[in-house]
Colleague: 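Sending over a structure as structure tokens; questions will come in a sec.
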Amino acid sequence: MTGITHGVPRDRIPQTSAGVHLIASPSEYIPDGIYLDLSRSLGRRVHLKCEGLNLTGSVKVKAAVEMVDSAERSALLRPGGRIVESSSGSLGVALAMISADRGYDFTCVTDNRCNERNLRLMRVYGANVVVIDEPDPVEGLLGARLRYVADLCAREPDVLWLNQYANDSNWIAHYKTTGPSIANACPDAEMVFIGAGTTGTLTGCARYLKQVGHPAKIIGVDSTGSVTFGGPPGPRHIPGLGTGRRPEIVDESVIDEIIMVPEEDAIRMCRTMAARGYLFGGSTGTVLAGMMHRISMERADMPVVAISPDFGERYLDSIYDDEWVKDRFDLGGGTAQITRRRVAVPVADGQGVI
């Protein structure tokens, strides 16, 4: 693909001489132009956009910064204020770091799927961490987390719930940054694969790419058992992608296809890539598994982009641990069924998008 650039955009990080980058806050370091060429590893023209190179280790720092900045601009969040958020881990770490830097009191409501390293990171930053063990009968662990948040806000009205599931700043963060980066770096990409959690990354990137007329099909990748796109609920063990309730910010009108990937396939992909020198997180493994399934139907030289939300060092005790995997999955039964469906995308501005 043409247009690939490396390093940090100059408008994101103050410059000093000789290429040295000087930052005054940990949330200022958000590299947005790092792509891995996986052609040699995968045998396909794949550029993987790496979002885990910032100081929180995941793509979630973009949404966290935008949501906090927006709350500050609107005076919903004032110096010394209190924040609460429901998170499976990565957004919680990002908000814990930002809160420590800006002097906010932060409570993260997570559940027992959150890995131990993320729990420890949040606590080291000074966050209050609540771990939910009992799922809601209908909406699962996420529903139980949200009920706890709602009860906390009712009891203590000075607490601000950022609400990543309905907060437009979540997708706006990626409309401003991730989408333009892909458009500029990979103008000839024919497909872009993006994981779906809250759908902030997916919705923001897709809206930007569709608006500027980028030719790529937008492929959302979700975990089997997630209900985001109308599938039946099911057990999920890997945090990051998938939800137990449909996020309010999801916008299927800008998504061309949805691929549902069983967690077994995500684990297989993560371990395959580790054997080739790349240690990725579970969300990245899910995206790559769905991507490889989908592009196997296309010509071998088709250029594609995929987004990697984070790396795998925080999953050493889960998806890279043989006993953890053995207790939850049967990886000896062959590849599980990856399902794909097209989304009816409306015609916009006189141009068809499918």
Colleague: Have T198 and N170 got a donor and an acceptor in their side chains that come within less than 3.5 Å?
Modeller: yes

Colleague: Any side-chain to backbone donor/acceptor pair from S99 onto D105? Under 3.5 Å, distance only.
Modeller: no

Colleague: Within the supplied structure, the quantity of interest is the number of heavy atoms (other residues, nucleotides, ligands) at a distance under 6.0 Å from R123 CZ; does it exceed 12?
Modeller: yes

Colleague: Is R246 reaching over with its side chain to a backbone N or O of T228, donor-acceptor style, under 3.5 angstrom?
Modeller: yes

Colleague: Without swapping roles, check the side chain of S70 against the backbone of M67 for a donor-acceptor pair under 3.5 Å.
Modeller: no

Colleague: Just by distance, no angles: are the side chains of D251 and T203 close enough, under 3.5 Å, to form a donor-acceptor pair?
Modeller: no

Colleague: Side chains of K62 and T178 only: does a donor on one sit below 3.5 Å from an acceptor on the other?
Modeller: yes

Colleague: Might you work through the side-chain contact (heavy atoms from CB on, under 4.5 Å) test for V20 and L22, ending with a clear yes or no?
Modeller: CA-CA 7 Å; V20 174; L22 181 65; 5.7 Å; no

Colleague: Would you indicate whether the side-chain heavy atoms of I307 and I182 approach each other to under 4.5 Å?
Modeller: yes

Colleague: Parallel under 30°, tilted from 30 to 60°, perpendicular over 60°: which one fits the rings of W324 and F329?
Modeller: tilted

Colleague: Please name all residues satisfying side chain to side chain contact (heavy atoms under 4.5 Å, CB included) with E323, sequence neighbours left out, ordered by chain then number.
Modeller: D321, K326

Colleague: Considering only residues two or more places apart or on different chains, which pairs with a residue in residues 282-302 satisfy salt bridge (charged side-chain N to carboxylate O under 4.0 Å, His left out)?
Modeller: E190-R299, E257-R294, R294-E298, R299-D301

Colleague: Mark yes or no for whether S226, through its side chain, and G242, through its backbone, hold a donor-acceptor pair below 3.5 Å.
Modeller: no

Colleague: Quick check: are there more than 12 heavy atoms from other residues, nucleotides or ligands sitting under 6.0 Å from CZ of R73?
Modeller: yes

Colleague: Please list, chain by chain and in numerical order, all residues satisfying ring-ring contact (aromatic ring centres under 6.0 Å, His included) with H214, sequence neighbours excluded.
Modeller: none

Colleague: Go through the side-chain N and O atoms of N115 and R314 and say whether any donor and acceptor fall under 3.5 Å apart.
Modeller: no

Colleague: Is any side-chain heavy atom of V93 closer than 4.5 Å to one of M97?
Modeller: no

Colleague: Taking S74 for its side chain and A71 for its backbone only, find out whether a donor-acceptor pair lies under 3.5 Å.
Modeller: yes

Colleague: For A150, enumerate each residue passing the side chain to side chain contact (heavy atoms under 4.5 Å, CB included) test, keeping only those at least two apart in sequence or located in another chain.
Modeller: none

Colleague: Give me each pair satisfying side-chain hydrogen bond (donor to acceptor under 3.5 Å, both in side chains) with a member in residues 139-154, each pair once, sequence neighbours excluded.
Modeller: S86-R145, D111-R145, D136-R147, R145-Y165

Colleague: Check the pair L288, M291 against side-chain contact (heavy atoms from CB on, under 4.5 Å), reporting the backbone distance first and the verdict last.
Modeller: CA-CA 5 Å; L288 290 179; M291 178 199 72; 3.8 Å; yes

Colleague: Would you mind listing every salt bridge (charged side-chain N to carboxylate O under 4.0 Å, His left out) that reaches into residues 153-177, with sequence neighbours excluded?
Modeller: E66-K176, R82-E156, R82-D158

Colleague: Give me each pair satisfying salt bridge (charged side-chain N to carboxylate O under 4.0 Å, His left out) with a member in residues 279-290, each pair once, sequence neighbours excluded.
Modeller: none

Colleague: Using the side chain to side chain contact (heavy atoms under 4.5 Å, CB included) rule, pick out the option among L48, V304, I218 that qualifies with F193.
Modeller: V304

Colleague: What pairs with Y208 under ring-ring contact (aromatic ring centres under 6.0 Å, His included), at least two apart in sequence or on another chain?
Modeller: Y175

Colleague: Report the C-alpha distance between N128 and T107 in whole Å, list the side-chain angles of each, state the deciding distance to 0.1 Å, and finish with yes or no for side-chain hydrogen bond (donor to acceptor under 3.5 Å, both in side chains).
Modeller: CA-CA 4 Å; N128 311 300; T107 296; 3.3 Å; yes

Colleague: Side chains of C153 and V84, heavy atoms from C-beta outward: is any pair under 4.5 Å?
Modeller: yes

Colleague: Partners of A64 by side chain to side chain contact (heavy atoms under 4.5 Å, CB included), sequence neighbours excluded?
Modeller: L91, A94, L95, I98

Colleague: I need the minimum non-hydrogen distance between F229 and D222, along with the two atoms involved.
Modeller: CD1-OD2, 3.6 Å

Colleague: Provide the full list of salt bridge (charged side-chain N to carboxylate O under 4.0 Å, His left out) pairs with a residue in residues 232-243, sequence neighbours left out, each pair given once.
Modeller: none

Colleague: According to side-chain hydrogen bond (donor to acceptor under 3.5 Å, both in side chains), does anything in residues 274-289 pair up with another residue at least two apart or in another chain? List the pairs.
Modeller: T284-S308

Colleague: R268 side chain to L331 main-chain N or O, any donor-acceptor pair under 3.5 Å?
Modeller: yes

Colleague: Partners of D327 by salt bridge (Lys or Arg N to Asp or Glu O under 4.0 Å), sequence neighbours excluded?
Modeller: none

